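Have a look at the structure below, then the notes.
The first residue in the sequence is number 1, and the count goes up from there. Remember, it's a predicted structure, so these values are computed and weren't measured experimentally.
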Amino acid sequence: MSRTKNFRIAFAAITILALIAAWAGVGAAYFLDAPRSVFVLAVVAAAFATEGAFWIILFLLGWSAVANRHWLLRLITRRNAGRPATQPQER
């Protein structure tokens with residue numbers, strides 16, 4: 001693998017781990033019966049972490065993921081009823 005690909009994989013893994021940690025903090029604040037202000041701050045931090053993770057992963061995937069999002073969504077959800085998903089046409 002190239003250094004760039006290794007960097008992208010590592011950066012995506014760190015982003016996802018940070019996101020999981022942020023939502024685990026929300027869960028901990030909820031189940032440990034933390035004060036409301038702590039819980040609200042944990043939820044706000046997790047919301048920002050989710051937004052940041054979305055944009056970081058989008059940056060790592062590149063513009064083609066945005067341009068082909070309908071194809072990617074159909075590929076992931078398999079809404080094409082047994083037909084193979086074909087690559088979108090270049091414009």
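Looking at every heavy atom in both residues, Val26 comes nearest to Ala46 through CG2-CB, 3.6 Å. The two atoms that bring Leu19 and Ala53 nearest to each other are CD2-CB, 4.1 Å, heavy atoms only.
Grouping the Ile, Leu, Val, Met, Phe, Trp and Tyr side chains by contacts below 4.5 angstrom, directly or via other members, places Phe39 apart from Phe48. If you chain together hydrophobic residues whose side chains sit under 4.5 Å apart, Trp23 and Phe31 fall into the same group.
For the side-chain contact (heavy atoms from CB on, under 4.5 Å) with Phe11, the qualifying choice from Leu60, Asn6, Ile16 is Leu60, the only one to do so.
Rounding to the nearest 0.5 angstrom, the gap separating the CD atom in Glu51 from the CD1 atom in Ile56 is 10.5 Å.
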